[in-house]
Structures are given as C-alpha cells and as structure tokens.
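First comes the structure, then the notes that go with it.
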Amino acid sequence: MAQTFRAPEIVEIARREGKVTVEELAERFGVTLQTIRRDLTELADAGRLERVHGGAILPSSTTNIGYEDRRILNSQEKVDIARACARELPEDCSVFLNIGTTTEAVAAELLNHRNLMAVTNNMNVANILAGNADCQVIVTGGSLRRSDGGLVGNITTDTIRKFKFDYAIIGCSALDNDGDLLDFDIHEVGVSQAIIAQARHVFVVADHTKFGRSAPARIGSLASVDVFFTDRPIASRLRAECDAWGTRVVYGQG
C-alpha cells in the first residue's frame, strides 16, 4: 500500500480492539477520511482486514473476535434489528433466545412483553429478561462458556429437546453467500440445530457484517428460517433464493 507505515499499526489496533473506525484512525494519524478509507480498502484487498460500514474488523477465520468487541460493533444496527424482531413476537408465547449480542438486544426489547415464557442458554439474556415481571425465564443448564455467558453441551441440548417453542430467535457468526448459517464453535452449532428442530417458527437476527463471512461450522440454511431480520439489503441472488424458500426478509429501521 502507498502509506505502508500506517498498515502495521492499523492491523495491531484491530487485533487489540476488535475493530477500527475511519474517523478514529483519521484523527490518530492526522490524515483525511478518504486516505484512511483507501488504507482500509488496500488492507482488505490484501486479506489483512475485512471492511465493514465505517471501518474494518479482523478477517473471518476459525476464531471469532472477542465478545465485548462484538457487543460494541454495530450496536445501533443491532438495536434496530431487535426492535423489528420484537414487533413480530406476540405476547402470550414461548420463545427461545440463544447466544449472541443481537439476541441480547432482542431480549432488551422484550421487557414490556406480557405473559412470555423465555428459555435460553445465554446467561446474559436471562439476566436481561429477569427485569420483566411478566416473563417466566428458564435457563437450560450446561457447560458455561465464560467468554460470553453461553451454556453449551449435552445437558443444554437434552433440555432443549424437552420443549416445543412457539418461536426461536437465533444469531449466527457468519452468513455464507448461498444462505448457509455458520458458526465458529461446533458445540454451539449442535445447540442451535436442536433449537431449530424444537421451534414452530424460526427467526434469525444478524447484521450486515455477517454477510459473506466464513466460519467453519454449519448450523443450517435460511431455507429453514421463517423470517430473517437484518439491517441492510442482502445480495439479489440470495434474496431471490429467500423468496423461493418462503423466507421473509425484514430490515430494522432506526
């Protein structure tokens, strides 16, 4: 790249913080926004970073970025997605919410729903929904993954199979171009597959940074999903596939 002296430091910041933003880098290096955008584009072309709206993140691999970094990344877009999802959830229903920062955002939007039964393998979701006195909260149990408050393993899947949920709300780490839902943890994939199998209606919530990413483990396909909630238009080819599958695509609005 033309400005090679900035490249190593930009990549190091991304490793340390999980992401970089155009505005923060421009201020840090004392250059224009356009210059930083070119730097990030060249780093992305070289496979060292992955461009997202307003900045860049580390490229997809066999490991995900840190959970606290994911919470910050596109937080407003996740709120918009969560509100769109919550609007489609009726009161007086049972719902499962799995591990993920976007499902946590959905939980926060359900605090005023009445007569809910919420089952989760996400300790963060359970703590959020504890604030809704009209929501019965059931935690699956399982092995605690301290990095994100998730519960996984055989105990988790065995508990899930004891229920039949009206709605399942699940996230994913990546959405392949062919509509496959992907994740980094094979144990979490098994849990997600059990959730889908036990739900009458399946909702997927994922922001645009998941589009076209790669992760090694396959959960399933948007073909088996009733509604996909996201924040930006998906590729026209995938949209046509969703129409053929009967998968509705809903965009969150700020």
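What you see below is based on every heavy atom in this structure, not just the backbone, and it leaves out hydrogens, waters and symmetry mates.
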Within the 3.5 Å criterion, strictly below it, is a donor on N122 or T120 matched to an acceptor on the partner's side chain? no

My understanding is that only residues two or more places apart in sequence, or in another chain, count here; which of them pass side-chain hydrogen bond (donor to acceptor under 3.5 Å, both in side chains) with R161? none

Could you list the residues that satisfy side-chain hydrogen bond (donor to acceptor under 3.5 Å, both in side chains) with N132, not counting sequence neighbours? none

Using the test side-chain contact (heavy atoms from CB on, under 4.5 Å), find all partners of L144 that sit at least two apart in sequence or belong to another chain. M123, R146, L151

side-chain contact (heavy atoms from CB on, under 4.5 Å) partners of P233, counting only residues at least two apart: Y251

side-chain hydrogen bond (donor to acceptor under 3.5 Å, both in side chains) partners for R51, two or more places apart: none

Donor-acceptor pairs are to be reported for all side-chain atoms of residues 219-230 against protein atoms at under 3.5 Å, with residues two or more places apart or in another chain.
| unit_1 | atom_1 | unit_2 | atom_2 | d |
| --- | --- | --- | --- | --- |
| S221 | OG | A223 | N | 3.0 |
| S224 | OG | S221 | O | 2.9 |
| D226 | OD2 | V202 | N | 2.7 |
| T230 | OG1 | A206 | O | 2.7 |

Mind jotting down which residue pairs meet the salt bridge (Lys or Arg N to Asp or Glu O under 4.0 Å) criterion with at least one end in residues 118-127? Sequence neighbours excluded, please. none

Partners of E88 by side-chain hydrogen bond (donor to acceptor under 3.5 Å, both in side chains), sequence neighbours excluded? R248

For F96, which residues count as a ring pair (Phe, Tyr, Trp, His ring centres under 6.0 Å) partner, sequence neighbours excluded? F165

Identify, with sequence neighbours excluded, every residue that meets side-chain contact (heavy atoms from CB on, under 4.5 Å) alongside R200. K164, D166

Would you mind listing every salt bridge (Lys or Arg N to Asp or Glu O under 4.0 Å) that reaches into residues 117-131, with sequence neighbours excluded? none

For residues 106-118, dump all side-chain donor-acceptor pairs below 3.5 Å to protein atoms at least two apart in sequence or in another chain.
| unit_1 | atom_1 | unit_2 | atom_2 | d |
| --- | --- | --- | --- | --- |
| H113 | NE2 | A86 | O | 3.3 |
| H113 | NE2 | L89 | O | 2.8 |
| N115 | ND2 | D92 | OD1 | 2.8 |

